[in-house]
Structure formats: structure tokens, C-alpha cells
Amino acid sequence: AEAMTAPAHVLGGCLRERAGRAAAALDDFDRARDVADANAHRISIGAHWVKAQAGRARVLPRVGRRDEAERALADGRALLQA
């Protein structure tokens with residue numbers, strides 16, 4: 001179930017982001033990341049975590065949290081490179 005829940009939250013975040021609802025998008029990306037963090041042993045869950053981090057990096061500046069956006073992007077890149 002987690003392998004479907006995380007990408008569903010990422011997709012929801014992307015849709016809300018496109019609709020101009022940055023705070024709601026951030027909530028979805030955070031939920032996806034939380035699901036991935038709780039299920040690190042699952043195959044491919046890391047990809048959903050990286051997608052959630054990328055989404056967070058896109059919307060955090062829109063809610064006035066630029067420093068967190070830079071950290072989210074750096075953390076996502078680090079996992080992707082690993």
C-alpha cells in the first residue's frame with residue numbers, strides 16, 4: 001500500500017502546485033516523504049522520497065521558506081546520487 005500511497009501524494013502535490021495552492025501542495029509532498037521515511041526498506045520508495053523533496057523544493061519558496069527549499073533540493077540530490 002505504501003508504494004501506491006507515496007506516489008499518490010506526490011501526484012496530489014503536483015496538481016495542487018499547478019493550481020497555485022502552494023501550501024496544500026507542500027502538505028502533500030510532506031505526506032509522501034513521511035510515507036517513504038516510514039518504509040525505507042521498500043524497494044523504489046526512495047524514488048518517491050526524492051520526488052517529494054523535489055516538489056518541496058519547488059513550493060517552499062512560494063510560502064517564504066527559501067532556506068528549507070535549498071536543503072530539500074540538496075537532500076534529494078544526495079539520495080539520488082547515492
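Please read these numbers as outputs of a predicted model, since none were measured by experiment.
A57 and A72 get closest at one heavy-atom pair: N-CB, 4.2 Å. Heavy atoms only, all atoms of each residue included: G13 and A25 are closest at O-CB, 3.3 Å. Among all heavy-atom pairs drawn from I45 and A6, the shortest one is CD1-CB, 4.1 Å.
The side-chain heavy atoms of L26 and V63, taken from C-beta on, include a pair separated by under 4.5 Å. Put simply, the side chain of C14 reaches to within 4.5 Å of the side chain of R58, judged on heavy atoms. The shortest distance between side-chain heavy atoms of D75 and W49 falls below 4.5 Å. Under the 4.5 Å side-chain criterion, counting only non-hydrogen atoms from C-beta, Q53 is not in contact with R77. Counting heavy atoms from C-beta on, the side chains of R16 and D28 come closer than 4.5 Å.
Although no hydrogens or angles enter the test, the distance criterion places no donor-acceptor pair under 3.5 Å between the side chain of R33 and the main chain of F29.
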Exercise for the section: Decide yes or no on side chain to side chain contact (heavy atoms under 4.5 Å, CB included) for R56 and E68, but give the supporting numbers first. Expected result: CA-CA 9 Å; R56 295 180 80 246; E68 286 181 65; 4.2 Å; yes
Exercise for the section: Give the C-alpha distance, both sets of side-chain angles, the deciding distance and a yes or no for side chain to side chain contact (heavy atoms under 4.5 Å, CB included) between H48 and V35. Expected result: CA-CA 9 Å; H48 303 308; V35 169; over 6 Å; no
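The pair D34-R31 fails the salt-bridge criterion, with no side-chain N (NZ, NE, NH1 or NH2) lying under 4.0 Å from an Asp/Glu carboxylate O.
Taken from CZ in R71 to CZ in R65, the straight-line distance is 9.5 Å, to the nearest 0.5 Å.
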